[in-house]
Amino acid sequence: MAVTSLSPLVTTTITTSVSPQKQPERTTKHPSRTGSLRFCRNMNEAKQLHAQIIKNNHHSNVAKLIAFCAEIGTPESLEYVKKAFESSAVSLYMFNSWIRGHSGAGLGDEAILLYAKMVAEGFTPDHYTFPFTLSGCAKVEAFLEGVQLHGSVVKMGLEGDLFIQNSLIHFYAECGEVDYGKKVFDKMSERNVVSWTSLICGYARRDWPREAVSLFFEMVEAGIEPNSVTMVCAISACAKLRDLDLGERICAYIGQPGVTVNTLVVNALVDMFMKCGAPDRAKRLFDECVEKNLVMYNTMLSNYVCQGKERDALAILVEMLRRGTKPDRVTMLSAVSASAQLGDLSFGRQCHGYILRNGLEGWDSVSNAIIDMYTKCGKQELACMVFDGMSTKTVVSWNSLIAGFVRNSDVESAWALFNQMPETDLVSWNTMIGGLVQESLFEDAIELFRVMQSEGITADKVTISSVASACGYLGALDLAKWVYHYIEKNEIHCDMRLGTAVVDMFARCGDTETAMLAFSRMKEKDVSAWTTAIGAMALEGNGTRAIELFNEMLKQGMNPDGVVFVEVLTACSHGGLVEQGMHFFWSMKEEHGISPQIVHYGCMIDLLGRAGLLSEALDLIKGMPMEPNNVVWGAFLAACRTHKNDKMAAYAADKITELAGDRSGTHVLLSNIYASAGKWTDVARVRLQMKEKGLKKVPGSSSIVINGVIHEFTSGDESHPEMNHIVLMLHEMNSRIGDAGHVPDLTNVLLDVDDREKEFLLSQHSERLAIAFGLIGTSQGTPIHVVKNLRMCSDCHSFAKLMSKVYGRNIVIRDNNRFHYFLQGFCSCNDYW
DNA sequence: CTAGGGTTAG
């Protein structure tokens, strides 16, 4: 028996071996419909039949043939039917059929043209014409034409026709105007299942799934019995809502005696269970299904792939092939995506080959998935080849290829492609802006964001997350406030990732208060959100508050990870909390089962070194379970310098030289850790460090924002338009600070030049240029905010201290380590810069 | 001759 009745007792599982009928319960749909045409299975048979129809002069059958051929929708069948149409005497009936054929084949525009032609030839549309034409309008979302048809319906007094009303509901819903559909529905004196179903489906497909489900139950209460179509709509609405409880309620209805289901309902159920977090239920239903069709396999596959369960997906694919079900484009789409996610090039290649051999490539989404797969498997050249071979490239194709270049850190190629794009969408902009941020090109990222604004494109949470990172890195507080405002004004959904990015942004701009406010406003906080808040405290050297936050996080039942400990230890170090830092370091393994990684050792060396415990630091280095890298030795070296221990400093410098050729990839590892925690600014910083290592040296660069404009200075760079003023100001600064007793610390210049030259080089350090420009460009009393990409040198540090005293200005410098608040000759870091 | 349905890339 084809139709299955679900057990009323077990509503949560469909216990009967579900063998859905092959044919849906209504048999009037699709080509094989009426008359002799029922037996036509392909064009050849239709042609033979046509010859017979012509010979016997059965004109009414020509209309049926027309509808049949049009519905096949191939170029050949359409050409054929056109000839048949033109060689026959036309009638209203024939026009109706042909319109219906085109609508059925999805050729709505043709259907609309035919309607116009029919009216022009003097035929009056009837109660068949309208549903057919409206269905075509719905397919191509031809809103204006549909509304005109509605007008004609009213004029002709056909408003009360049930079929027309139902078609109108469907049409309005498909055009995204479900409210109009609801109006038609409300006015109906008589409604049938299709009326209800059309409205339910309209809500379900147009982002009002909750309304769809409540309408379903309203319908049941009104005593109208839902059929398979209704159930499919209601179930897919639950899937959209990811609401298992509602899904269960519909399932309970379906489980009632007498209710029958078909394949489509079972497929919808499988999909719903998969999407509502009950994959086991879905799998059981799937396994119980004796005759699985292609869509059911595809449903399981695509859901597994979406949820990152590639292994389960592969098992389904294998079962499907073993049972002799031939994969189609949808199947291959999932298979290719799976190989992309697995980074499995050989499987990806096999899929690509299968697609080519079986002629499944002619679908944009398949080619795009292949491009994505090759870029993710590190074969950008192959991706480019597929891209070049595509006859119609969609925005997604371009976007995938650009994302591939970004992944390879090749922003130049990405940028070149971006500029060639015939049209862009939000994702294109997001990919490009994100790519620039990833490559530390923060100003370019913000500039591109401004271009995007001027083109009238509204950003989303992805855009703003990137912009927030760039903004935070540049320390551009005004822009940060603007971004915050932008989020509220445009009601951008602030998820955990964006929320975290905002906290980080304000923290890096030195506005701790707003950062913490934004943090407290976050509805949900995960470990990386807490990490960011703790990091904010570390940035300003507030170790005590950082520890409080960490304890609060533990109290709320969060499990700390390695990343949060980096921030906690850093905060202890910046706050000079040696004992607490030691405690947290040991508690990592003892209390939380996290083995300290090399970065944690780096933090500890920093912590001990800062406190002058140099031999303790050295002991810790020697006891490390892994080889110390140059970050560890670097921290130690800095400590030796601060505490003027030249012997140990030389030792550390030797070690660093030994490691010069180090390509151990610890940076990549660190970058990945940060990336997985969503800390994009840190990812960018690590990438910068990698560059620093790969090239000889990253030039020191400082930026300052004045009147919303970012001014960037690199040491010795004289390209700034105000350079004359700046040079004068530098002279004045040098003499006034010199008078105040500043003696340049020439050990900060690592070049073999004479002392005069060293002094000159120091005076050219980028932060001094930025401070000089800040003095010129702002009024007395305004704090000067400077952001530096590298760690400040000790000479600039003492210079800045004196500047704050002599000029009576608050100076804030954020280097790549922390904030330094210079006030009245003192610095918030207590001279451990 | 009538209307409504399940899987689909960045």
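Below, all heavy atoms of this structure are taken into account, side chains as well, without hydrogens, waters or symmetry copies. Computed from a prediction, not measured in an experiment: that's the story for all the values here. Within every chain, numbering begins at 1; the chains are lettered A, B, ... in the order of the sequence lines, protein sequences first and strands thereafter.
If you check distances only, the side chain of A/Asn227 does reach the base of B/dG4 with a donor-acceptor pair under 3.5 Å. Counting distance only, with no hydrogens placed and no angle test, the side-chain atoms of A/Asp364 and the base atoms of B/dA9 include no donor-acceptor pair under 3.5 Å. Between the side chain of A/Thr197 and the base of B/dG4 there is at least one donor-acceptor pair of N/O atoms closer than 3.5 Å.
Exactly one of A/Asn262, A/Leu264, A/Ile254 qualifies for a side chain to side chain contact (heavy atoms under 4.5 Å, CB included) with A/Met231. That residue is A/Ile254.
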inquiry  = Apply salt bridge (Lys or Arg N to Asp or Glu O under 4.0 Å) to residues A/Glu361 and A/Arg329 and explain how you reach the verdict.
reply    = CA-CA 8 Å; A/Glu361 72 272 32; A/Arg329 293 168 220 262; over 6 Å; no
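Distance CG (A/Asp425) to P (B/dA9): 14 Å, rounded to an integer number of Å. Atoms CZ (A/Phe132) and P (B/dC1) sit 10 Å apart, rounded to a whole Å. What separates CG of A/Leu269 from P of B/dT7 is a distance of 12 Å, to the nearest Å. Atoms CG (A/Asn192) and C1' (B/dA3) sit 8 Å apart, rounded to a whole Å. Per the geometry, CZ belonging to A/Phe185 stands 19 Å off P belonging to B/dA3, to the nearest Å. As a whole-Å value, the separation of A/Leu134 CG from B/dC1 P is 20 Å. A/His170 places its NE2 atom 5 Å from the P atom of B/dG5, with the value rounded to the nearest Å. One can place OH of A/Tyr203 at 17 Å from P of B/dG5, the figure rounded to the nearest angstrom.
Side-chain N/O atoms of A/Arg329 include none lying less than 4.0 angstrom from OP1 or OP2 on B/dT7. A close approach under 4.0 Å does not occur between any side-chain nitrogen or oxygen of A/Ser135 and OP1 or OP2 of B/dA3.
As judged by a 4.0 angstrom heavy-atom cut-off over every strand, A/Ser167 is placed among residues touching the sugar-phosphate backbone only. Across all strands shown, A/Trp196 has no heavy atoms under 4.0 Å from either base or sugar-phosphate atoms. Contact annotation for A/Asn293: base contact, defined as any heavy-atom pair under 4.0 Å involving a base atom. Residue A/Ser400 is classed as a sugar-phosphate contact, given heavy-atom separations below 4.0 Å to backbone atoms only. If you check every strand for non-hydrogen atoms under 4.0 Å, A/Thr299 touches sugar and phosphate atoms only.
Geometrically, A/Lys117 does not engage A/Phe95 in a cation-pi contact, judged by NZ or CZ lying under 6.0 Å from the ring centre and within 45° of the ring axis.
In this structure a side-chain-to-backbone donor-acceptor pair under 3.5 Å is present from A/Gln165 to A/Glu159.
Side-chain contact check for A/Trp398 versus A/Thr424: every heavy-atom pair is 4.5 Å or farther apart.
Closest approach to the A/Pro131 side chain among B/dG5, B/dG4, B/dT2 is made by B/dT2 (side chain taken as heavy atoms from C-beta onward). Nearest nucleotide to the side chain of A/Tyr93, out of B/dT8, B/dA9, B/dC1: B/dC1. Among B/dT2, B/dG5, B/dT8, the nucleotide with an atom closest to any side-chain atom of A/Phe163 is B/dT2. The listed nucleotides are B/dT7, B/dA9, B/dG4; the one nearest the side chain of A/Thr230 is B/dG4. Taking the side chain of A/Ser302 as heavy atoms from C-beta on, and the options B/dG5, B/dT2, B/dT8, the nearest nucleotide is B/dT8. Closest approach to the A/Val330 side chain among B/dT8, B/dT2, B/dG5 is made by B/dT8 (side chain taken as heavy atoms from C-beta onward). Among the nucleotides B/dC1, B/dG4, B/dA9, the one closest to any side-chain atom of A/Val194 is B/dG4. With distances taken from any side-chain atom of A/Asn96 to the nucleotides B/dC1, B/dT7, B/dG4, the minimum falls on B/dC1. When distances are taken from the side chain of A/Asn298 to each of B/dG5, B/dT8, B/dT7, the shortest belongs to B/dT7.
Electrostatic pairing of A/Arg206 and A/Glu141 counts as a salt bridge here, judged by a charged N lying under 4.0 Å from a carboxylate O. A salt bridge links A/Lys283 with A/Asp287: the closest approach of a Lys/Arg side-chain nitrogen to an acidic carboxylate oxygen falls below 4.0 angstrom.
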